[in-house]
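Lettering of chains follows the sequences in order, A, B, ..., and the numbering in each one begins at 1.
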Amino acid sequence: MARPNEEVAAVLQEYAGLLAITGQDAFKARAYEKAARAVAGHPADIGRLDEADLRQIPGVGRSIAGKITEYLETGRIPALEETRTQIPPGVRELVAVPDLGPRKAMTLHRELGVSSVDELAAAARAGRVRDLKGFGERTEAHILHGVELMRQAGDRILLDAATGIAGEIAAALREVPGCADCAPAGSLRRMKETVGDIDILVAARDPGPFMEALTRLPLAAETVVHGDKKTSVRTSAGLQVDLRVLPPEAWGSGLLYFTGSRAHNVRVREIAVRHGLKLSEYGLFDAETGKPVASAAREEDLYAALGLPWIPPAMREDRGEIAAALRGELPGPVTVDDLRGDLHTHTDLTDGVASLEDMAAAAARRGYSYWAVTDHAPGLAMQRMTDEKILRQREQLRALARRHRGMRLLHGAELNIDEHGGVDWPAEFLAGFDVCVASVHSHFGLGRREQTRRLVRACENPHVHIIGHPTTRRIGRRPGIDADLDEVFAACARTGTALEINGSPHRLDLRDEDILRARRYGVRFAVDSDAHSTAELDQVRYGVGTAQRGWLTTDDVINTWPPARLRRFLRKDRARAD
DNA sequence: GCCGTTTTCGGCCCGACTGTTTTCAGTCG
């Protein structure tokens, strides 16, 4: 059973959203939001905490602790259910449209009866939105554009959500007697940034019990297909889950086939055809006789039978991986185990939910050789950072270092790149940090030349080591800024500035195609979690998946390097001597 | 609704930007 923290956080978040829409005390809504974040990021399983323990979580007081207990015991919160009856479910979805907040969503519902994103799009297209008080033609156009953005992400879900659901299903299916193996395949296994449906593969003699088990899972709201070879269900959120069961001797060929991508499979099958063979999900066969020519139990053996090394799933996109493999030049991509540290994390000094001590301890538990805390700099006004606060944190960190002999504690900051490419602090002050990440958090609408210029200038700053989430896109919410990335890549290579691969599943920035391009310039990368809680340190797995999709090796990724080599890189001017 | 080496009441996450306004509401990071 998964930790209930996420489920409770979602319920609190929903309540916060409803309170905001109903126009109640904004501070109350914010209090629930804060509690939701704290619960999601709380290291302990809240299902094991009593009310007094719950109140120890920052942001959780008497009222919220009571509601959490109520929910854990009965699965319900009457106050929430009461509020739900006032707002149709579709209205809450409206705030997912960029530029639409709770107030406008409520106005649209009250004045036009809009209660879903589809109805909103229809009203905007019909020109009925522009006449509302506080709205206008431009707002109407923004709304349509926002809906379009959401549609582009389509019904696809983010990698972390897909990973969670697939993990839950796989765990349940592994409990079914006769299960020899079970794993997610498809775009999830390839670590694509979003996942359209979930493919699960099982190795077993008798498919029946697995098909049955899938349809009986609590999250299976509806059965779409129920057969011997394949069963599909849909979750209440509309996500389709496909289950295939194959005999154990076809596990490898099944995994290969259902992992895809389709384009990669076509290429592999072409090679088989050239060898007079036929590759399917059931194995590798002689095209003439139909006799199996290789063991199909493992992917490795099938690739080998075709003269290929095993190709990591994240690289199976028909982007030249097969040609590279045939030449013996396929890079061995970076793995989570290769990471020796994390260079972008936050604490509760700014918008994180865990203390410096807890974050350091969690990083140490991951076995890191080094770890950087990089809280927000003063330019992001809402975080209220000051020189005094960051210097006090530095002292705390230095003191804490005595408790972490095996892990080097680096003091850093996440600077804000202003519209001209400047950052928050002057050089003398920046020189006091061990590592500086610089990120864009404002002025998303500048023109291409200005955006390029500010990023290049940030690279040229000798105290900026890493450009954080370089395009600043939010998947399904906001496109990246319009900059000439090639010029930025060249500047990074020239100045010895690393580009971040931000592991937050909402960002995954840089994205895979841009990484492939950037590495040709000789750019180095940092795969970071951007964790705002101890649990989020694990987000590096999605960053690593993205790095693999960009063919990066340990040599490309600075936080796989031993401390001495990293230290040389952080002395920026001498980085190219490496 | 939460929280307290300035407070058990009165603060809380501030400032910029956008579009719709004619002084400001709403949204975002």
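- A salt bridge links A:Arg398 with A:Asp434: the closest approach of a Lys/Arg side-chain nitrogen to an acidic carboxylate oxygen falls below 4.0 angstrom.
- Residue A:Arg384 places at least one side-chain N or O closer than 4.0 Å to OP1 or OP2 of B:dC14.
- A:Thr139 has a side-chain polar atom (N or O) that falls below the 4.0 Å cut-off from OP1 or OP2 of B:dT20.
- Comment: A:Glu14 engages A:Arg84 in a salt bridge, judged by a side-chain N to carboxylate O separation of less than 4.0 angstrom.
- Among the atoms of the strands shown, none is found under 4.0 Å from any heavy atom of A:Gln383.
- When the P atom of B:dG29 is taken as reference, atom CG of A:Asp418 falls 18 Å away, rounded to whole Å.
- Comparing atom distances between the A:Arg477 side chain and each of B:dC28, B:dG29, B:dG19 picks out B:dC28 as nearest.
- To the nearest whole angstrom, the two C1' atoms, one in B:dC28 and one in B:dC13, are 12 Å apart.
- For the pair A:Glu419 and A:Thr107, nearest-nucleotide mapping onto DNA chain B gives the more 5' position to A:Glu419.
- Of all nucleotides listed (B:dG1, B:dT18, B:dG29), B:dT18 comes nearest to the side chain of A:His142.
- Figure legend. B:dT8 is base-paired to no nucleotide; pairs are counted as Watson-Crick or G-U wobble with both atom distances under 3.5 Å.
- Taking atom P in both B:dC12 and B:dT7, the straight-line distance is 15 Å, to the nearest Å.
- Salt bridge A:Arg453/A:Glu487: absent, no basic N to carboxylate O contact under 4.0 Å.
- Straight-line distance from the CD1 atom of A:Ile143 to the P atom of B:dG26: 14 Å, rounded to whole Å.
- Cation-pi geometry between A:Arg128 and A:Phe135 is not satisfied (NZ or CZ under 6.0 Å from the ring centre, within 45° of the ring normal).
- The side chain of A:Arg478 places an N or O atom within less than 4.0 Å of a non-bridging phosphate oxygen (OP1 or OP2) of B:dG29.
- Taking CD of A:Gln451 as the start and NE2 of A:His443 as the end, the distance is 9.5 Å to the nearest 0.5 Å.
- Distance CG (A:Asp25) to P (B:dC3): 15 Å, rounded to an integer number of Å.
- Positionally, the nearest nucleotide of DNA chain B for A:Arg138 lies more toward the 5' end than for the other of A:Pro98 and A:Arg138.
- Rounding to whole angstrom units, CG of residue A:Leu100 and P of B:dA25 are separated by 19 Å.
- The side chain of A:Asp99 sits closest to B:dC28 out of B:dC2, B:dG26, B:dC28.
- Here B:dA16 is the nucleotide among B:dA16, B:dC12, B:dC2 with the atom lying nearest to any side-chain atom of A:His443.
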